[in-house]
Amino acid sequence: MKTVLAKVDEQAIRSAGEIIRQGGLVAFPTETVYGLGANAFDEKAVLSIFAAKGRPADNPLIVHIADKSGFEGIVKEIPEKAQKLIDRFMPGPLTVILKKTDKVSLHVTAGLDTVAVRMPSNKDALALIRAAGVPIAAPSANRSGLPSPTRAQHVFSDMDGRIEMILDGGACTFGLESTVVDMSGDIPVLLRPGAVTLEQLKETVGEVILSGGVLSGLKEGEVARSPGLKHKHYAPKSARVVLLRGSDKAIAEHINRFAADNSHKVGAIVKNCVTSLDKNVKICYIGNEDLQYAQSVFDALRALDDLNVDIIFCQAVEEGGIGLAIMNRLLRSAGFALLDV
Ligand code: TXA
Ligand code: MG
């Protein structure tokens, strides 16, 4: 299959909408990461997403809608607390999980009786959903297990020849996937932290439980509330990832000690304030703010992997605000390897 890579314009959106209606796959930008979309009501198209990504069949997809009326017909009801989150954070980087109707295929939800719904704020994503005229089921547009794509080029390197079209809308604003909250029970459960923070969720609905698996591996025998929690994620193809927590100076010293013995090709993802790194270290500086870290962390993991480094040291951040989401992705990328230095 020939994959068309097109800059977003009216014509490209029209063709992309047509491809979705015909049962094809289109990758598109959102404010979080690039998605790999298919008509959510077309079972065959939905199944082809799993094939293109190499995604385990038990990991459900998010249904993307263009306006709030899109909830009608796909969820059974919107409880009061869920409505509050929808009113405050949609459109935006939030996904809510609610009881599904029969209209939503079990292929979308991987057999669950709940469905994840999100209304992105990215104008190109909204234009595509409107052009398609159907809700769009879309996971992140990476090959399963790899870091999520935040630029069209990342999608191209994972999906060339596997999907009909990639819409290039530039780099994503947030760079980490949406906050996923399970609103199908009495107390909301945060399954995946994102740019809508735990603090903001609590401000809006009161008590919110942080799911197991977000900052630590699932314990032996612990059941994943979200199938996504149990699968390998965000890991570069060959490099090993290790998180370092400590002062800027201690982090630099640890990395330099490791680089000094010359037996490993070493990469580092650090804030600009980590200075004096050895010249042999391949460094991705990610600015000094957590928001900048979020925007560029997946790009940095991919870039260092492309340089064939053996190990990537990443600077840990505080777990408040968007820092919780950064730590969740980094810890999972590292298989929970975290060193205090
Ligand atoms: O920002 C995002 O959410 C991006 C863009 C494209 O919208 N999408 C995305 O999709 O990250 P994906 O498939 O990579 O992640 C969806 C997550 C998975 O961890 C999945 O297990 C969880 O949401 N999920 C989906 N439906 C669920 C459900 N019914 N119950 C529990 N978890 C669910
Ligand atoms: Mg994903």
Side-chain angles (χ1 to χ4, degrees), residues 25-38 40 46 49-50 52-66 74-76 89-100 104-122 124-126 128-129 135-150 154-155 158 167 169 172-185 188-196 211 213-214 218 223-235 294 298 325 328-329 332-333:
L25 300 183
V26 175
F28 60 99
T30 82
E31 70 278 19
T32 58
V33 300
Y34 275 74
L36 178 57
V46 166
I49 291 179
F50 288 85
K53 274 184 66 98
R55 182 177 178 100
D58 67 351
N59 199 1
L61 307 176
I62 296 173
V63 176
H64 295 69
I65 56 176
I74 62 177
V75 306
K76 274 201 175 132
F89 299 111
M90 288 194 189
L94 176 73
T95 297
V96 290
I97 291 174
L98 295 166
K99 293 256 160 47
K100 78 173 196 73
V104 180
S105 141
L106 289 169
H107 292 308
V108 171
T109 67
L112 299 174
D113 63 358
T114 52
V115 62
V117 186
R118 155 158 147 77
M119 178 177 164
S121 59
N122 178 290
D124 302 329
L126 292 170
L128 173 65
I129 303 166
I136 294 184
S140 49
N142 51 287
R143 292 288 290 273
S144 197
L146 297 183
S148 296
T150 55
H154 300 159
V155 181
D158 281 16
L167 287 173
C172 300
T173 314
F174 294 113
L176 296 178
E177 310 87 336
S178 63
T179 304
V180 178
V181 198
D182 187 347
M183 299 302 295
S184 67
V189 182
L190 177 57
L191 298 177
R192 183 176 70 183
V196 171
S211 172
V214 168
L218 287 169
V223 179
R225 296 268 315 227
S226 177
L229 288 168
K230 67 173 192 258
H231 294 295
K232 181 172 174 259
H233 254 101
Y234 316 119
F298 287 147
N328 164 258
R329 306 311 191 274
R332 306 202 61 201
S333 176

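When a ligand or atom number is given, it counts from 1 through the structure's own listing order. Only heavy atoms go into these numbers, but all of them, side chains included; no hydrogens, no water, no symmetry mates. Note that the structure is predicted; figures quoted are calculated from it, not measured. In this chain, numbering begins with 1 at the start of the sequence shown.
- If you take CG on N328 and OG1 on T179, they are separated by 10.5 Å, rounding to the nearest 0.5 Å.
- Closest heavy-atom approach to atom 11 (O) of ligand 1 within the set E31, K99, R192, H64: this belongs to R192.
- Ligand 1 lies less than 4.0 angstrom from a heavy atom belonging to V33.
- Distance alone, capped at 3.5 Å, is enough to place a donor-acceptor pair between the K53 side chain and the N142 backbone.
- Within the 4.0 Å heavy-atom shell around ligand 1 one does not find K100.
- Side-chain N/O atoms of S178 and T32 include no donor and acceptor closer than 3.5 Å.
- Heavy-atom contacts of G35 reach the following atoms of ligand 1: 6 (C) (cutoff under 4.0 Å).
- Checking each of R192, R118, R329 against E177 for a side-chain hydrogen bond (donor to acceptor under 3.5 Å, both in side chains) leaves exactly one that passes, namely R329.
- The distance criterion of under 3.5 Å between nitrogen or oxygen atoms is met by T32 with respect to ligand 1.
- The shortest N or O to N or O distance between R118 and ligand 1 is under 3.5 Å.
- Which parts of ligand 1 touch I62 is read off a 4.0 Å heavy-atom cut-off, strictly below it: atoms 3 (O), 8 (N), 9 (C), 10 (O), 16 (C).
- Judged by distance alone, with hydrogens and angles left aside, the side-chain atoms of Y34 form no donor-acceptor pair with the main-chain N or O of H154 at under 3.5 Å.
- Atoms of ligand 1 lying under 4.0 Å from any heavy atom of L112, numbered from 1 in the order shown and given with element: 28 (C), 29 (N), 30 (N).
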key: Y234 vs F298, ring pair (Phe, Tyr, Trp, His ring centres under 6.0 Å): CA-CA, chis, key distance, verdict   = CA-CA 8 Å; Y234 316 119; F298 287 147; 5.3 Å; yes
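- Between atom SG of residue C172 and atom CG of residue N122 there is a gap of 7.5 Å, rounded to the nearest 0.5 Å.
- Proximity to T114 (heavy-atom distance under 4.0 Å) selects the following atoms of ligand 1: 28 (C), 29 (N), 30 (N).
- For ligand 1, the atoms lying closer than 4.0 Å to a non-hydrogen atom of E177 are 1 (O), 2 (C), 11 (O).
- Checked by atom type and distance alone, the side chain of R55 never pairs as donor or acceptor with a backbone atom of L61 at under 3.5 Å.
- With distances taken over non-hydrogen atoms, the option nearest atom 24 (N) of ligand 1 out of G194, S211, P149, P60 is P60.
- Shown in contact with N59 at under 4.0 Å from a heavy atom are these atoms of ligand 1, numbered in order with element: 18 (C), 20 (C), 21 (O).
- In summary, no N, O or S atom of S144 is located under 2.8 Å from the Mg ion (ligand 2).
- Here the shortest heavy-atom pairing between A141 and P149 reads C-CG, 3.6 Å.
- Close contacts between ligand 1 and L191 involve ligand atoms 31 (C), 32 (N) [criterion: under 4.0 Å to a heavy atom].
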